[in-house]
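Below: the structure, in structure tokens.
Count residues from 1 along the sequence. As the structure lists them, so they are numbered: ligands from 1, and atoms in each ligand from 1. Source: prediction; values computed, not measured.
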Amino acid sequence: MSQSSASQQAAAPGSAAVFLPSKDFAAKARIPSLAAYRKLYQESIDDPEAFWAGEATELLWRKPWSKVLDWQEPFAKWFDGGKLNVCENCVDRHALGPRHNKAAIIWEGEPGEQRVITYGQLHRDVCRFANVLESNGIKAGDRVLIYMPMVPEAVVAMLGCARIGAVHSVVFGGFSSEAIYDRLEDSGAIAIITADGGWRRGKVVALKPAVDEALLKYRKIQRVIVLRRCGNEVAINPDIDVWWHDQIATASAKHTPKAFDSEHPLFILYTSGSTGKPKGILHTSGGYLTGTYATCKYIFDLRDEDVFWCTADVGWITGHSYVVYGPLANGATQILYEGAPNHPDFGRFWKMIEAYGVSIFYTAPTAIRAFIKAGDAFPAAHDLSSLRLLGSVGEPINPEAWTWYHHHIGGGNCPIVDTWWQTETGAILISPLPGATPCIPGTASLPFFGIDAAILDESGEECGPNQDGRLVIRKPWPAMTRCIYNDPERFKKTYWSDFPGRYTTGDGARRDEHGNFWIIGRLDDVLNVSGHRLGTAEIESALVSHPAVAEAAAVGRPDEMKGQAVAVFVTLKANFSESESLRQELRNHVGHMIGALAKPDDIHFAPALPKTRSGKIMRRILKELVCTGEVTGNITTLEDYTVVATLQRNIAR
Ligand code: WT7
């Protein structure tokens with residue numbers, strides 16, 4: 001039996017299993033013991049600025065900072081006065097040194113093509129693309145929307161923007177033209193980088209048409225750069241569209257990076273909130289890079305000889321921080337894969353791990369649950385012995401999934417880092433360190449260096465052990481979001497108004513007697529569907545924009561695969577009647593307004609919705625109804641009791 005699976009110990013809460021880091025792993029790790037973690041953690045909390053400055057020093061600065069942190073709550077400036085180029089740190093620093101011929105990206109297209117891009121090649125590609133951006137009139141500070149498949153050019157596009165100081169806003173390829181339009185409007189983008197399409201489950205998913213549709217309403221775009229990936233026919237507007245390959249053909253492979261202020265904006269990434277439209281989470285340069293660099297280094301204990309694979313799409317924060325900026329700042333070799341995990345079958349990932357000798361694998365619980373369902377034979381057919389570390393992100397990982405992952409993928413030998421963080425936090429804040437922290441299935445365990453995490457009750461007092469409360473962060477950290485783009489008021493209200501001086505995460509959690517953080521989930525009207533955030537308000541506003549819908553309410557219900565599924569209650573306008581075809585139409589309508597990810601799983605037609613006397617929809621009741629089939633909770637504030645009885649009857653049918 002392996003060292004780690006043999007290391008059950010009694011210290012855990014209840015009967016939870018504990019997996020200690022193996023001696024082998026610990027011996028080689030940067031942080032080799034819990035005692036070493038605790039000592040460094042204490043120092044980092046006593047003087048966070050000293051810890052973060054130490055990490056930042058390992059990056060390349062064109063001008064040193066004058067102040068580590070300027071904190072005007074809730075607005076932070078990290079490494080103020082310092083200047084750097086984020087792209088130079090991720091690319092030139094390695095390309096112009098001994099990593100010149102090291103693989104930066106090993107890419108596989110879904111149909112099976114393979115490309116290995118060295119740091120030297122990545123440097124030439126990024127320089128050419130930076131020249132293309134500049135020759136198309138794109139300047140520092142301009143916003144550029146990126147809507148691309150998972151191809152190396154998506155990484156080149158992001159790094160090219162960073163290199164010239166343009167602010168990228170990547171939109172996940174599964175989002176719709178309406179979602180693109182909303183993000184164009186909010187960001188005021190002047191250019192778009194896209195592709196004809198990408199491969200997904202053996203089919204071409206066209207991307208350019210969604211951009212074209214968004215541009216029927218949005219008029220500020222000066223240039224669209226189109227990558228030819230699949231060769232599918234696309235419309236080209238000669239006034240603004242240019243082909244990537246034509247532009248690159250004549251561009252120089254030399255480009256001198258300019259230094260930008262540490263607080264120069266790097267990107268805006270939109271994410272759902274409990275009210276209104278998605279918010280543009282703004283991240284800046286020096287602090288974000290320091291955070292992603294340091295967390296990648298310690299939490300994945302990343303080494304030059306590792307082959308790192310984070311399976312996230314670049315359209316999400318995980319793809320920004322642990323596909324692009326973190327691994328590349330560390331000079332890592334990493335895998336990039338274009339397509340679906342189940343194409344041609346559920347063995348694809350395991351085949352790739354074997355073929356490329358992947359040593360660190362980072363994925364989401366929802367994917368793990370799909371693999372469990374597909375069967376143990378898929379991983380068993382491959383030699384996965386190159387793996388030394390596994391990671392999980394996006395939602396709490398249930399102990400069954402943890403145990404399967406540990407045994408069937410990790411061969412019982414790999415620590416699993418269950419990493420808790422958010423789009424807003426920029427980098428991982430709570431996670432085991434693989435050579436130091438005992439792993440207990442279901443807990444993200446302990447805070448990273450410099451992170452002062454706590455659980456508060458409603459009055460702002462710190463909760464005792466095993467008491468549920470609200471997860472907050474009490475000190476600023478470098479990778480934290482600086483603002484909601486163009487909306488400082490919403491920024492203050494959403495994150496900084498519940499408890500003065502504390503960042504509110506929106507998550508409920510508890511801490512056990514060993515200090516481990518157990519994340520319960522969102523406390524606000526935000527759903528976590530397959531590890532992706534969706535606001536109930538967003539889904540509801542998509543529904544009511546349909547001509548048949550008078551009123552709608554969305555709630556989450558537990559789902560074995562997705563974590564949460566989307567259940568909606570819809571009240572139709574008087575001259576519309578309930579039908580299966582209308583149900584389908586509404587599903588597609590939400591898909592069109594947001595993206596396939598948001599399509600409701602259950603649509604319940606409701607003659608009326610449960611409301612308070614002041615007219616507020618009582619989602620709590622609807623939630624109980626879809627989760628249990630009945631309502632037992634307090635309904636004394638309900639305006640009309642018969643509404644619930646009707647819904648209950650309808651659901652039971
Ligand atoms: C929300 C953030 C961070 C990248 C992926 C999602 C939930 C995330 C964990 C985890 C329990 C987790 C939280 C958080 N979450 N990781 N390891 N354990 N919950 O980013 O879309 O910004 O969502 O995802 O609820 O608040 P996001």
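Although no hydrogens or angles enter the test, the distance criterion places a donor-acceptor pair under 3.5 Å between the side chain of Thr419 and the main chain of Ser392.
Listed as neighbours of ligand 1 are Ile317, Thr318, Val393, Gly394, Glu395, Pro396, Asp418, Thr419, Trp420, Trp421, Gln422, Thr423, Asp507, Ile519, Arg522, Asn528, Gly531, Arg533, each bearing a heavy atom under 4.0 Å from the ligand.
By the side-chain hydrogen bond (donor to acceptor under 3.5 Å, both in side chains) test, Asp602 pairs with Arg557, sequence neighbours left out. Not a single side-chain hydrogen bond (donor to acceptor under 3.5 Å, both in side chains) links Tyr147 to another residue, sequence neighbours left out. Among residues two or more places apart in sequence or in another chain, the ring-ring contact (aromatic ring centres under 6.0 Å, His included) test is passed with Tyr485 by none.
Between Lys562 and Asp601, at least one side-chain N (NZ, or NE/NH1/NH2) sits under 4.0 Å from a carboxylate O, which counts as a salt bridge.
Heavy-atom minimum distance, Pro327 versus Cys296: N-SG, 3.7 Å.
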